[in-house]
Structures are given as C-alpha cells and as structure tokens.
There are 2 protein chains.
Amino acid sequence: MPEQPPYLRIADELRRRIMEHMWEPGDRLPSRTQIGQECGVGENVVRRAQELLISQGMLEGRAGSGTYVAEPRQRVRIVRSSAREQPEGSPFHADMKAVGRQGDWESRTDAKIPAPPEIAARLGISEGDLCVRTTYEFLADGRPVQLSASWEPYDLTAGTLVVLPEGGPHAGAGVVNRMAAIGITVSHAVEQPEPRQATTEEASLLGTQKGSLVTHIRRTYYSDQGHPVETADIVIPASLCEIVYEIPIGR
Amino acid sequence: MPEQPPYLRIADELRRRIMEHMWEPGDRLPSRTQIGQECGVGENVVRRAQELLISQGMLEGRAGSGTYVAEPRQRVRIVRSSAREQPEGSPFHADMKAVGRQGDWESRTDAKIPAPPEIAARLGISEGDLCVRTTYEFLADGRPVQLSASWEPYDLTAGTLVVLPEGGPHAGAGVVNRMAAIGITVSHAVEQPEPRQATTEEASLLGTQKGSLVTHIRRTYYSDQGHPVETADIVIPASLCEIVYEIPIGR
DNA sequence: TCGAATTTGTGCGTATGTATC
DNA sequence: GGATACATACGCACAAATTCG
C-alpha cells in the first residue's frame, strides 16, 4: 500500500497551484502557518514540501521575508571550445554577445601571492612560489552568473605589460591574447568539471539558494612548450548557466 | 561567540578518529547509540554528523548493516576530446587503458522505440519517430562507473550493418566509426554537462550513496552535413570518475 | 531610529519504516 | 523470524533575517 507521505502531497498541491497560475512568479506564498492550517497539516510538513520545491528551483526562500515563486530566468549559455578564443575581445564577452546579453565583470588582482599547494601542483611550480591571483565576478546584464579565481606564475609575466590581467593595454583580453603579446603561444586548455554544492559565500555572491548545484571547473592553459601558464577555478551555477563543450572530431 | 553545534563537533571527532586510523577503510563504526553515549550526545546528533561525512564521501551508510569508513577508491579519468576518437576500438576502452584498468560494458538495445519529446528535439526529428535506443553500463575492473543511454534515428541506419550499435561487425566500435562504415562523416560533438544528484536507481546501479553528485552529460554527434546522428544521456558519478576536457587552442 | 512581530532557517528529539544479518 | 541498525518523516524550540510601525 504505497501511501504518499503528507509532505509530498503538499508539494504536489503547491506545484499544482503554481501551474494553475494561482501564484505568479515573484509572488510571495502565504506563511507556512497559513498553508498548514488550510491544508490540514503541521507547518513542518509545509516546510519540507517547500524545501523540496526550493531544491528543484521552483520556489525561493528568503529568510525573514517569505517563500516566493521563482522567476523562470533564462539560462546563459557558456560555450567552452577552441572557437571561444578570438583574436580580439574576451571569451566571456563573446559568450554574452551570443545570447544577446551585456557582459561585464568585476575583478580584483593581488600580485605576489604565494601559491597554495594545489595551485602549485597545477602550475608545475613549487609551493609558495609567487603568483598573480585575480578573482572575477562575471555579470550578465548586471547580475552575477559566474565566479572565477585565476592564478599565473609571477615569474612568467614579471616585468612585462601583461603582469596584471586586468591592467595595461591588454586588459581583459583573455589569457591567450595576453600571453601572445609577450611571445607565449597557448596551445591547449584542459578543463576538469566537477559537480558540487555552492558554499554559502558563493550562493550569496551569485544570488542563488544555499545548497544549489554548481559546476566547479578547474581549467589550466598550457603553452606550446607544454608548460602551464595559467590555472583557474571557475564556479558556474546550474540554475543560471548551461555549459556547452564543442568537440571537433576531424579524422 | 560562534559556538560550534554539537553535530559539527561530533563530525570533527569522527574525522579525527578516521585520520588517526582508529578505524580503517572498510571498518564498521559502532552503532549510533554507542557513539552517542560515548560522546554524550543524542543519537540523532551522531546521525547528522554521519550524514555530513557521508555527503563528503568519507563514510558510507548501509541500511540495516551499519556505517562504514569509505574505501579511498582511485577515480577513473574520463577524457572527452577529439583525441578520444580512434580509428579502432571504442572511446571507453581507450579511457580505461589510459588508467590501467580493464574496460567492459553491458548493453541492451531496443530497436524501433518512438522518440520522446526531448530526444526528438535533440535529434531534429519528430516526436514519436522511431529510434534505436541502447542503454549501457560501463565497468572498470568489473565495477560500474558510468551509465549511458544512446539514441539514434532508426531511418539513419535501417537496413545497414550498423543498425544495432552492439551487434554486427562494427559492434562496440563507437558512433564515429560505425557511422563512417555507412558513409556518414561525423564532424563534431556537442556536450552539455549538468550537475545533479543521483536518482535512487542510478545510485543502486553505480553502487554509490543515494544523494551523491553526478554529472549528467547530454551529448550529440553531428554529421558534416550538420545533422544530428546520435544523442546520449551520460551519467558520471563524481565519486568514481573525474572528467577531463582537452581543448585545442590553435589560432 | 529602534524594537516588536512575522517568517524563514537550523538544530535536535521521537516515532516509524525498512533493510540486513 | 527476530534483533539490530540505518533511513525517513514529523514535531518542537530557538535563532536569524526581514519588515513595519
């Protein structure tokens, strides 16, 4: 006798009401106490049901304020392929342009940061060697959609015009173009995507729910000499972005 | 004064004991009642702590049996790039060979299945058009590490030797090689990785924990004519595999 | 400006289900 | 089949955040 648990029944009920446009996106739901009394269940049952729908991206909880019907935001398509690298402009600008959005970013660069163990391993340098670290917050139409922290060995660019990724004449041109400017040819990138849950800080920066799913990409650019020239940790929230890899098959 | 909640204290305690080899991988922990009494907390506090460590892949809960220290299984590296496609052999074999593991798979093909809406859209055919569907369970050293469901338009291969992906002279050779055998050149693939939690069925098939994280890749192969020739849903558990995309940058 | 009321979020307890031995 | 242990669902208390008078 598969009797459905109360909280799933309430979840279905809430889903039904949203589907029937009883509440529109952006609307605030009645309080848990109200819904509970109306449906004849305890308020925790309502809470469980709402948590389920929140995890599915259908509802959105705001502490102290209420539970809201989530806006069906169109996801940004982020293309990750060789075609992404253009002789001019940044890869992110190209992504945003392709979906008709305005692409901007905020960045903060710290020069001469000692490399932590994992970064050192990825860059093929020694732990504690100096790096230039730049943290990014990428925005689509002014709203954050992607986080990133980029690391470059300080020795590689020291004394050149491209020491600072977001400064000088090649500011914001992307790693490939900047390296090209100092005579380094970037031949390939390796990306390692991993699913995980957003930290509270990430969720806050991205404006997503706390446990929401993200793809954490560890990307490393290599020169034609086979040496790593840059590595980055990129955090892409599933609710805001879709990731697309294009792979040529040429035989 | 940020006072640490009891369940986090217990989690740290359990972590510490594991680090100090008080319990070895594969060992069963004492029951929650026992741990609770020993540490002076309720057993639900122990449960919370264990859930946390389980979600981090450090512990493993087996219903009716006990909670165990997870075996530190080496993850399989799955490379997704053009280099993966070889004139002979399957891409999966190449992956496994590269990490020194034996690669096998079990498959089941159903011919003439009507295409569900999403598959039809991805293949550029009409809903209900007939397809050949093959579901796979990929094994590394005999243990499942990856699930996949592949769809091909029936019209494309009907009457040829490669109708059945896992039958005939080109069995298991991969989509690119099979299509080449009937004169179709596959020019590129598009992969869309998305993070989500494993369903109960997937977790059971893969031998992972229930809510564990997976990367669900929607992959579509396109011919040089620009038409989709195959699409697949690939489920890769984060605890067992690491995914690597290699992207050439050539200017 | 501040504080009280409201609402969501977190932690913990208890009862029951279910799988394993 | 019984005993044991994990898994699930529900309830309660309190904290944190927001809103509003």
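The sequence lines fix the lettering, A, B, ..., with proteins before strands; numbering per chain opens at 1.
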Looking only at the side chain of [X] (C-beta and beyond, no hydrogens), which of the listed nucleotides [options] gets closest?
X	options	value
B:T67	C:dC12, D:dC6, D:dC10	D:dC6
A:A63	C:dG9, C:dT7, C:dC12	C:dG9
A:Y7	D:dC10, C:dT10, C:dC12	D:dC10
A:P6	D:dA9, C:dC12, D:dA5	D:dA9
A:P5	C:dG11, C:dT10, D:dC10	D:dC10
B:R32	C:dG9, D:dT18, D:dC6	D:dC6

Select base, sugar-phosphate, or nothing to describe what [X] touches, counting heavy atoms under 4.0 Å on all strands.
X	result
B:R62	sugar-phosphate
A:R48	base
A:T33	nothing

Rounded to the nearest angstrom, tell me the gap between atom [atom1] in [X] and atom [atom2] in [N].
X	N	atom1	atom2	result
A:R9	D:dA9	CZ	C1'	14 Å
B:I10	C:dG13	CD1	P	11 Å
A:R28	D:dA17	CZ	P	19 Å
B:E60	D:dA7	CD	P	10 Å
A:Q50	D:dC10	CD	P	14 Å
B:L53	D:dC6	CG	P	14 Å
A:E43	D:dA9	CD	P	19 Å
B:Y68	C:dT20	OH	C1'	9 Å

Is the shortest distance from a Lys or Arg side-chain nitrogen in B:E152 or B:R133 to a carboxylate oxygen in the other one below 4.0 Å? no
Using a strict cut-off of less than 4.0 Å between a Lys/Arg side-chain nitrogen and an Asp/Glu carboxylate oxygen, indicate whether A:R75 and A:E242 qualify as a salt bridge. yes
Test side-chain hydrogen bond (donor to acceptor under 3.5 Å, both in side chains) on A:Q50 and A:R32 and set out the steps. CA-CA 9 Å; A:Q50 288 181 345; A:R32 295 201 289 238; 4.6 Å; no
Against the six-membered ring of A:Y245, is B:R80 placed for a cation-pi contact (under 6.0 Å from the centre, within 45° of the normal)?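 The answer is no; the distance or angle limit is not met.
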Can you check whether B:N44 has a side-chain N or O nearer than 4.0 Å to OP1 or OP2 of C:dG13?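 Yes, because at least one side-chain N or O of B:N44 sits under 4.0 Å from OP1 or OP2 of C:dG13.
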Comparing A:G42 and A:G64 on DNA chain D - which has the more 5′ nearest nucleotide: A:G42
Below 30° counts as parallel, above 60° as perpendicular, anything between as tilted: where do the rings of A:W105 and A:Y136 land?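 If you compare the ring of A:W105 with that of A:Y136, the planes turn out perpendicular.
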